[in-house]
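Bear in mind the structure is a predicted one, so any value in this text is a computation, not a measurement. Heads up: numbering here begins at 1 and tracks the sequence.
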Amino acid sequence: MSEGEARQSEDSMQAGAVTVSDVQELIRRKEEIEAQIKANYDVLESQKGVGMNEPLVDCEGYPRSDVDLYQVRTARHNIVCLQNDHKAVMKQVEEALHQLHARDKEKQARDTAEAHKEATSRNLGQSEGLSPPQAFAKVNSISPGSPASIAGLQVDDEIVEFGSVNTQNFQSLHNIGSVVQHSEGKPLNVTVIRRGEKHQLRLVPARWAGKGLLGCNIIPLQR
């Protein structure tokens with residue numbers, strides 16, 4: 001991640017348009033900095049195990065001849081600068097995750113506001129003798145800032161449809177895993193039952209700061 005890309009990512013977050021991709025770029029930048037810090041510490045270790053504070057002059061006040069003073073001073077300077085960069089990037093990661101979480105809360109609030117309209121449609125369907133759809137799995141946990149959280153999934157949501165997977169063809173969680181792996185970066189239509197009400201969501205599996213492409217744990221329902 002170049003300096004220009006880092007600045008662009010920071011400007012994007014300040015504009016309130018932070019995305020999962022922004023967080024991924026920041027995480028990659030953090031890992032790059034950590035690798036550079038380790039490389040510079042390795043340089044110090046190769047110079048008689050000189051650390052960050054060990055004197056570079058001998059007991060008589062002369063520059064030490066047993067180490068490469070230029071390499072040591074350069075490595076120490078690089079470590080100080082990189083540690084400052086690391087602190088700044090970690091702050092950006094924290095702010096980005098906070099924005100994603102806040103946006104997720106706003107979306108959940110909108111979902112709640114729309115629940116009344118959906119409840120009306122659901123009650124109308126029941127009055128016409130339509131049976132509610134059958135769920136085959138349930139959301140057990142969700143990580144803040146994850147693709148699942150951004151899509152609006154909530155804990156205890158019962159899944160009726162997950163992309164091409166439904167009650168008729170669901171056999172195991174491997175079915176969902178296969179759909180997710182083949183749909184990275186592509187929107188999936190997900191239908192869930194939440195507190196007796198049907199919700200239609202759009203979930204985009206993607207790499208993010210945490211593990212997996214969803215950031216949620218799904219368990220099958222006993223049928």
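Between atom CG of residue L153 and atom CD1 of residue I218 there is a gap of 7.0 Å, rounded to the nearest 0.5 Å. Between the CD atom of Q168 and the CG atom of N166 there is a distance of 4.5 Å, given to the nearest 0.5 Å. Expressed to the nearest 0.5 Å, how far CG of L203 lies from SG of C216 amounts to 7.0 Å. Distance check: S146 OG to L213 CG gives 11.5 Å after rounding to the nearest 0.5 Å. Distance CG/L44 to CD1/I79: 4.5 Å, rounded to 0.5 Å. Annotation: the span from Q36 atom CD to E34 atom CD amounts to 10.5 Å, rounded to 0.5 Å.
One hydrophobic cluster, built from ILVMFWY side chains closer than 4.5 Å, cannot hold both I219 and I193; they sit in different ones. Linking Ile, Leu, Val, Met, Phe, Trp and Tyr whenever their side-chain heavy atoms come within less than 4.5 Å leaves V23 and V204 in two separate clusters. Hydrophobic clustering (side-chain heavy atoms under 4.5 Å, transitive across Ile, Leu, Val, Met, Phe, Trp, Tyr) keeps L56 apart from V43. In terms of hydrophobic clustering, with Ile, Leu, Val, Met, Phe, Trp and Tyr side chains grouped at heavy-atom distances under 4.5 Å, V179 and L173 are assigned to a common cluster. M90 and V18 are members of different hydrophobic clusters when ILVMFWY side chains are connected at heavy-atom separations under 4.5 Å.
Counting all heavy atoms, side chain and backbone alike, S149 lies closest to I142 at CB-CG2, 3.7 Å. Counting all heavy atoms, side chain and backbone alike, A209 lies closest to I27 at CB-CG1, 4.0 Å. Residues D111 and G152 share a closest heavy-atom pair of OD2-O, 4.3 Å. Of all heavy-atom pairs spanning V20 and W208, the tightest one is CG1-CB, 3.4 Å. Of all the heavy atoms in E54 and G49, the pair that sits closest is OE1-O, 4.0 Å. Summarising the geometry of L26 relative to A96, their closest heavy-atom pair is CD1-CB, 4.3 Å, with the distance given to 0.1 Å.
Side-chain N or O atoms of D22 include one that pairs as donor or acceptor with a backbone N or O of T19 at under 3.5 Å. Counting only distance, with no hydrogens or angles, the side chain of N169 and the backbone of S164 share a donor-acceptor pair below 3.5 Å. The main-chain N or O of G51 is found under 3.5 Å from a side-chain atom of R76 such that the two form a donor-acceptor pair. Between the K107 side chain and the A151 main chain, a donor and an acceptor come within less than 3.5 Å of each other.
Side-chain N/O atoms of Q108 and D104 include a donor and acceptor closer than 3.5 Å.
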Go through the steps for R110 and E106 under the test side-chain contact (heavy atoms from CB on, under 4.5 Å), then give the verdict.
CA-CA 6 Å; R110 289 196 298 270; E106 292 176 359; 4.1 Å; yes
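A salt bridge is absent between E25 and R29; no separation between the charged side-chain nitrogens and carboxylate oxygens falls under 4.0 Å.
Contact of the I159 side chain with the F170 side chain is not registered, since no non-hydrogen atoms from C-beta on lie closer than 4.5 Å. Within the 4.5 Å cutoff, the side chain of V80 has heavy atoms near those of the M52 side chain. In this structure, the side chains of D68 and V72 stay at 4.5 Å or more apart for every pair of heavy atoms. By the 4.5 Å heavy-atom criterion applied to side chains, F162 and V180 are counted as neighbours. The closest side-chain heavy-atom distance from E114 to E197 is not below 4.5 Å. Residues Q47 and R64 have side chains not in contact (no heavy-atom distance under 4.5 Å, counting atoms from C-beta outward). With contacts defined as side-chain heavy-atom distances shorter than 4.5 Å, the pair V190/E161 does not qualify. Side-chain atoms of Q154 and V192, non-hydrogen and from C-beta on, never get closer than 4.5 Å to each other.
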